[in-house]
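Reading through the structure tokens given below for one structure.
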Amino acid sequence: MKRTVIKIDEDLCNGCGQCVTGCHEGALQLIDGKAVMISEMYCDGLGACIGDCPVGAIELIEKEAEAYDEIKVMERIALKGEHVVVAHLKHMKDHNELEYLRQGIEYLKKHNINYDLSSIETKEEKMNEINSFAGCPGLASQSFEKPQAIKEEEEFSTANQKSELTHWPIQLHLQSPTASYFQNANVLIAADCTAFSIGAFHSKLLKNKVLSIACPKLDSNKESYLEKITAMIDVAKIDTLTIAMMEVPCCGGLIQIAKLARENAKRNIPIKAIIIGIKGEILEENWL
């Protein structure tokens with residue numbers, strides 16, 4: 001599969017070993033005085049080791065590589081002790097890789113390894129809540145009812161709300177990144193579920209933006225999304241990119257694709273992440 005991994009310039013590497021220490025996943029070793037990738041399976045492609053290299057010998061590249069395997073990583077690093085494991089899980093949380101975070105916690109739970117995970121608690125859910133659900137947290141069934149007064153008010157206020165959609169198609173797989181509506185536009189890429197979760201999707205999120213929709217969990221050929229967003233930035237010269245996604249872990253891939261597209265592009269544009277709760281509220285808005 002084609003994905004992002006690190007590349008080490010052996011000519012620049014001075015063998016200091018700082019990147020090896022910084023790679024909690026255990027993908028790097030010092031061999032004959034040089035840092036070496038021992039297996040692409042262990043490289044998460046997030047590039048934490050880049051900041052540890054004092055000579056700039058490491059970069060991120062996209063290539064055909066063996067898929068990252070969180071369970072294999074946990075099998076390796078569990079032997080290194082609590083500090084390494086917790087640092088690895090925090091690394092996943094900090095990069096919004098919540099599915100890998102869940103897998104890592106499930107590994108500890110399955111093998112009865114009790115480490116203090118309080119340092120990687122999220123704002124909205126404690127890690128023991130994630131831990132209590134064996135599958136993807138986004139699949140956990142929930143029911144919630146809004147107060148009657150709020151329901152009636154929302155029904156009145158949205159009854160005649162106009163659509164802010166300006167173009168067709170809207171599915172990212174079906175769109176051409178060079179379409180005229182993308183030229184110099186402010187683009188919103190929204191996870192499929194967002195429009196059904198937040199009542200004021202059009203007025204709060206879509207107004208004055210060009211829309212693309214995608215599902216990072218169910219859509220196939222997500223590599224084409226990377227190519228299309230990169231082309232939007234460089235060819236269509238879009239002004240800004242907003243990613244709207246649900247709070248569930250499976251949505252996090254949209255952020256990573258958008259950030260990687262910006263890294264691959266020749267232009268640098270602002271990216272905003274909007275996180276929507278499953279009850280329809282906006283939880284976070286951050287420029288990345």
Side-chain angles (χ1 to χ4, degrees), residues 44 46 70 86 88-109 117-147 150-151 154 158 170-172 187-207 209 211-219 222 225 229 240-262 270-288:
D44 58 21
L46 300 177
E70 175 65 14
V86 172
H88 163 72
L89 294 177
K90 187 177 185 303
H91 174 60
M92 290 300 172
K93 171 185 172 290
D94 290 344
H95 287 80
N96 208 34
E97 293 289 353
L98 299 185
E99 174 58 20
Y100 290 143
L101 176 60
R102 183 195 66 78
Q103 292 178 20
I105 293 173
E106 282 298 313
Y107 178 90
L108 297 179
K109 185 178 179 181
L117 303 181
S118 59
S119 63
I120 54 174
E121 290 176 343
T122 64
K123 294 180 181 178
E124 298 298 326
E125 51 188 357
K126 305 297 184 184
M127 295 321 301
N128 61 351
E129 292 175 349
I130 296 179
N131 222 6
S132 66
F133 183 63
C136 172
L139 299 180
S141 297
Q142 300 183 45
S143 297
F144 36 85
E145 184 72 14
K146 288 183 170 64
I150 295 178
K151 289 198 297 182
E154 289 180 348
T158 62
I170 58 174
Q171 219 291 334
L172 186 52
V187 174
L188 169 67
I189 299 181
D192 292 353
C193 297
T194 56
F196 299 96
S197 301
I198 181 168
F201 178 87
H202 284 257
S203 60
K204 285 191 175 181
L205 301 185
L206 183 53
K207 189 174 183 178
K209 292 184 177 66
L211 176 67
S212 293
I213 63 171
C215 178
K217 183 176 179 66
L218 300 179
D219 289 353
K222 286 184 279 291
Y225 285 169
I229 298 172
T240 64
L241 177 59
T242 299
I243 303 296
M245 52 181 274
M246 301 301 296
E247 64 176 330
V248 297
C250 51
C251 261
L254 276 181
I255 295 291
Q256 299 305 322
I257 292 172
K259 291 169 66 176
L260 183 56
R262 181 170 63 180
I271 297 178
K272 175 186 276 191
I274 300 178
I275 311 299
I276 299 169
I278 59 173
K279 296 182 181 180
E281 71 277 34
I282 294 178
L283 300 179
E284 296 181 27
E285 291 189 56
N286 298 303
W287 289 100
L288 306 177

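- Taking CD1 of I243 as the reference point, atom CD1 of I229 lies at 5.5 Å (rounded to 0.5 Å).
- In this structure, the separation between CG on L188 and CZ on F201 is 5.0 Å, given to the nearest 0.5 Å.
- The two atoms that bring L254 and A190 nearest to each other are CD1-C, 4.4 Å, heavy atoms only.
- At a threshold of 4.5 Å between non-hydrogen side-chain atoms, the residues L89 and L108 count as touching.
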Pair Y225, I189 - check side chain to side chain contact (heavy atoms under 4.5 Å, CB included), show working.
CA-CA 11 Å; Y225 285 169; I189 299 181; over 6 Å; no
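- Put simply, the side chain of L288 reaches to within 4.5 Å of the side chain of R262, judged on heavy atoms.
- Residues passing the salt bridge (charged side-chain N to carboxylate O under 4.0 Å, His left out) test with K204, sequence neighbours excluded: none.
- Of all non-hydrogen atoms in Q171 and I213, the two that sit nearest each other are NE2-O, 3.5 Å.
- T240 meets the side chain to side chain donor-acceptor pair (under 3.5 Å) test with N186; sequence neighbours excluded.
- How far CD of E247 is from CD of E281: 6.5 Å, rounded to the nearest 0.5 Å.
- Remark: Y100 engages Y68 in a ring-ring contact (aromatic ring centres under 6.0 Å, His included) (not counting sequence neighbours).
- Considering CD1 of I275 and CD1 of I255, their distance stands at 5.5 Å, rounded to 0.5 Å.
- Residues S197 and I276 share a closest heavy-atom pair of CB-CG2, 4.4 Å.
- The SG atom of C215 sits 11.5 Å away from atom CE of M245, with the distance rounded to the nearest 0.5 Å.
- Of all non-hydrogen atoms in G280 and I198, the two that sit nearest each other are O-CG1, 3.7 Å.
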Let me see the working for E106 and E70 under side chain to side chain contact (heavy atoms under 4.5 Å, CB included), right down to the final yes or no.
CA-CA 11 Å; E106 282 298 313; E70 175 65 14; over 6 Å; no
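- Interatomic distance, L205 CG to L211 CG, rounded to the nearest 0.5 Å: 10.0 Å.
- Across S212 and L172, no two heavy atoms sit closer than the pair OG-CD1, 3.9 Å.
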